[in-house]
Each structure stands twice: as C-alpha cells, then as structure tokens.
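Note: hydrogens, waters and symmetry copies are ignored here, and every other heavy atom, side chains too, is used.
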Amino acid sequence: MIDLDRYFARIGYRGPRTPTLATLNGIAAAHVQTIPFENLDVLLGRRIDVDPAAIEQKLVGDRRGGYCFEQNALLLAVLESLGFTVRPLSGRVRYQRPRDYTPARTHLFVRVELETSWIVDAGVGAMSLTSALRLDTEDAQPTPHEPRRLIREDGRMFHQVQLAGAWHDVCEFTLEEMPPIDREVANWYTSTHPQSTFKARLSAARALPEGRRVTLLNRELTLRARDGSGEHRMIESPDELLAVLADQFGLVFPPGTRFPCPGLDWPAGA
C-alpha cells in the first residue's frame, strides 16, 4: 500500500480523499503541476524500475519525475488506495506524428469508473492531463489547461488536444488493458532500445497555474500558454542545463552531471 500522506505532501494536495470526480480532478492537477515528466535516468543509463515500491521511492521519496510507466503506475496505486475503481490502459503516443505512422504500443494511462467512465493521464509529457476526461462523449471537454476531446475512428479512440484552434492527436487506444507483464516489456523497450525516442533526446515537462506549461526538449526551454503560443530560449551550456532542471522542474543533480544524448548539440566550447 502506498503512503498516501507522503504522496499528498509531495504534490501539495490538501483536498478530500473520498472517491469522487472532484477528488480525481484535484489529484490529477496537483500531480502534473508538481511531479515533472522526465527521462533523465534513461540518458544516464540507469535501469527504470517499475516495481511499485521503487516508483514511490523515486517520485515521492527522492522527489524525482519519470515517464508514463512511473507516473501513471503511481497515480493508479494512489487512486486504488482511495477506493476508486481503476484499470491500467495501453495506448500509442501520436503527438506530432502523422496518422500513416504506427508508433509502438508503449503508453500507460488510467481508466476510472465513477457514474460513468473517465481517463486520467499524468505521463504524456507536455500534453499530460490536468483533469479527467469522460469516455462517453466526443464533445470538446475543458480542462484547467487546453481543451481536449476523445473521438472514435476506424475502431480506435483518439485523445486530442486543441492548440491555436486546431485539433492534434495526443494518443490512440482501444480500451485494452495493460497488465504488469506488458508494462515490463514496453518499459524495457522504451528505456533501452537504441531507436527509442527516450534514448535520443532529453525531455522534461511540468504544468503550471493559469493554463501554462514549462517544457524542455534537449536545449530548448519553452513557457507555453493555454492556446499553444510560447516563449522559447536555448540553453547554452551543461551547467546552465543543471540550473534549469533545478529551478524549473525541481530536479537536482550533482554539479558536473552530464546527460549523454544525441539531441544535446552544445555550442563549441560549452
């Protein structure tokens, strides 16, 4: 069983603990605004341990972040401990990918049963949900950040986000559950395969108040508004990167830490 008091202290949540929609939305928002999405251990060559106790220690005790197999496994455990009826679902991340490309089924998120079915997802990077989405409608749904919707096409469901008036795919799914063994295999691929995007680029993201988000992709730091517009700046040295990780994402690493990554094309002399 997860230590709920420690988890709630980590995310700064002080609301009710009854299994209601209000509780679900409060936890989803607090989680994504506090525990950053990040793949830094993958770049450092460290094993991503998806044992529940290891996940709790890393994200809660060590105050680190993680990706979907860590973020949503933690959220799943928290909600289950509170008495929610939950299921782990599998999906394919599609953000900024064309429909004729088939990404691997390497995404975990959570289905929650209340008076109807909802989904929550704290592990899809800069597109992580800050409130639940109901499964029984294709209408646009407001969130504290960007509008979202769930549409059905060709036997699949697509989670979409609206940015600058246009709808973009975030992920696709079929409501198939993702048992622990499938998570083990997908996590192994995501964290170790040479062609995994998590081996090729540095990524960190966190939701902010007032619909904003802060994201880091390799050397580019972006502060993005609800409508998708953003302010961008390039990080110029590995030491500046460590400062940004600490200041913007609460991720503290020892001085001199370096992240081997093809996407970190440092200027000469950096």
For Val50 and Glu184, what are the C-alpha separation, side-chain angles and deciding distance, and is it a side-chain contact (heavy atoms from CB on, under 4.5 Å)?
-> CA-CA 7 Å; Val50 292; Glu184 287 276 359; 3.6 Å; yes
Residue pair Leu133, Val120: steps toward the side-chain contact (heavy atoms from CB on, under 4.5 Å) verdict = CA-CA 7 Å; Leu133 299 181; Val120 287; over 6 Å; no
Assess whether side-chain contact (heavy atoms from CB on, under 4.5 Å) is satisfied between Arg105 and Thr174, documenting all intermediate values.
-> CA-CA 11 Å; Arg105 189 185 294 274; Thr174 61; 3.9 Å; yes
Given the rule in the side-chain contact (heavy atoms from CB on, under 4.5 Å) test, do Leu241 and Leu202 qualify, once you have shown the distances and angles that lead to the verdict?
-> CA-CA 11 Å; Leu241 173 61; Leu202 184 149; 4.0 Å; yes
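Defined by atom type and a distance below 3.5 Å, a donor-acceptor pair is present between the side-chain atoms of Gln160 and Arg149. A donor-acceptor contact closer than 3.5 angstrom is absent between the side chains of Asp265 and Asn218. Using modelled atom types, one finds a donor on one side chain and an acceptor on the other under 3.5 Å when comparing Asp121 with His107. Between the side chains of Asp227 and Ser229, at least one donor-acceptor pair of N or O atoms lies under 3.5 Å.
Asn25 contributes no side-chain N or O that, together with a main-chain N or O of Ser131, makes up a donor-acceptor pair within less than 3.5 Å. No donor-acceptor pair under 3.5 Å is formed between the side chain of Asp169 and the backbone N or O of Arg94. In terms of modelled atom types and a separation under 3.5 Å, the side chain of Asn39 and the main chain of Arg201 share a donor-acceptor contact. Without hydrogens or angle criteria, Arg213 side chain to Ser128 main chain gives a donor-acceptor distance under 3.5 Å. No donor-acceptor distance shorter than 3.5 angstrom exists from the side chain of Glu176 to the backbone of Gly91, with no hydrogens or angles considered. Side-chain N or O atoms of Asn72 include none that pairs as donor or acceptor with a backbone N or O of Leu75 at under 3.5 Å. Judged by distance alone, with hydrogens and angles left aside, the side-chain atoms of Thr222 form no donor-acceptor pair with the main-chain N or O of Arg224 at under 3.5 Å. Under a 3.5 Å cut-off, the side chain of Glu177 and the backbone N or O of Pro179 do not form any donor-acceptor pair. In this structure, Thr137 contributes its side chain and Asp139 its backbone to a donor-acceptor pair below 3.5 Å. Not a single donor-acceptor pair under 3.5 Å links the side chain of Thr257 to the backbone N or O of Phe253.
Each of Leu217 and Phe198 belongs to its own hydrophobic cluster when Ile, Leu, Val, Met, Phe, Trp and Tyr are linked at side-chain heavy-atom distances under 4.5 angstrom. Side-chain heavy atoms closer than 4.5 Å link hydrophobic residues (I, L, V, M, F, W, Y) into clusters, and following such links, even through other members, never connects Leu175 to Leu114. Under a hydrophobic clustering in which Ile, Leu, Val, Met, Phe, Trp and Tyr are joined whenever their side-chain heavy atoms come within less than 4.5 Å, directly or via other members, Ile2 and Phe84 fall into the same cluster. Following chains of ILVMFWY side-chain contacts shorter than 4.5 Å, one cannot reach Val93 starting from Leu129, and the two form parts of different hydrophobic clusters. Under a hydrophobic clustering in which Ile, Leu, Val, Met, Phe, Trp and Tyr are joined whenever their side-chain heavy atoms come within less than 4.5 Å, directly or via other members, Val185 and Ile48 fall into different clusters.
Atom CG of Leu40 is separated from atom CZ of Arg46 by 9.0 Å, given to the nearest 0.5 angstrom. For the atom pair Glu56 CD and Leu74 CG, the distance stands at 7.0 Å (nearest 0.5 Å). Atom OG1 of residue Thr130 and atom CD of residue Gln33 lie 7.0 Å apart, to the nearest 0.5 angstrom. Atom CG of Leu24 is separated from atom CG of Leu82 by 10.0 Å, given to the nearest 0.5 angstrom. Rounding to the nearest 0.5 Å places CG of Leu216 at 9.5 Å from CD of Gln248. The distance from the CZ atom of Arg97 to the SG atom of Cys171 is 11.0 Å, given to the nearest 0.5 Å.
Note on Arg64 versus Asp62: no salt bridge recorded, every NZ/NE/NH1/NH2 to OD/OE distance being 4.0 Å or above. In this structure, Arg99 does not pair ionically with Glu172, as no charged nitrogen and carboxylate oxygen lie closer than 4.0 Å. The existence of a salt bridge linking Arg233 and Glu220 is excluded, since no basic side-chain nitrogen approaches an acidic carboxylate oxygen closer than 4.0 Å.
The number of heavy-atom neighbours closer than 6.0 Å to CZ of Arg152, taken from other residues, nucleotides and ligands shown, is above 12. Annotation: Gln162, atom CD; neighbour count of heavy atoms from other residues, nucleotides and ligands within 6.0 Å is above 12. For Trp167, the CH2 atom counts as densely surrounded, since its 6.0 Å shell holds more than 12 non-hydrogen atoms of other residues, nucleotides or ligands. Counting non-hydrogen atoms of other residues, nucleotides and ligands closer than 6.0 Å to CD of Glu231 gives a total of 12 or fewer. By the 6.0 Å contact criterion, CD on Glu210 is open, its count of non-hydrogen atoms from other residues, nucleotides or ligands being 12 or less. Under a cut-off of 6.0 angstrom, the local environment of CD in Gln195 is sparse, with at most 12 non-hydrogen atoms contributed by other residues, nucleotides or ligands.
Each of Trp118, Phe173, Phe69 was evaluated against Phe109; a single residue qualifies, Phe173, per the ring-ring contact (aromatic ring centres under 6.0 Å, His included) test. The salt bridge (Lys or Arg N to Asp or Glu O under 4.0 Å) test with Lys58 singles out one residue from Asp49, Asp41, Asp51, and that residue is Asp41.
Ring geometry for Tyr95 versus His168: interplanar angle over 60°, hence perpendicular rather than tilted (30 to 60°). Ring geometry, His193 versus Tyr189: the interplanar angle falls from 30° to 60°, so the pair is classed tilted.
Nearest heavy-atom pair across Val252 and Ala246 is CG2-CB, 4.2 Å.
Separation of the Tyr7 and Tyr13 ring centroids does not fall under the 6.0 Å cut-off. Ring pair Tyr67/Phe37: centre-to-centre distance not below 6.0 Å.
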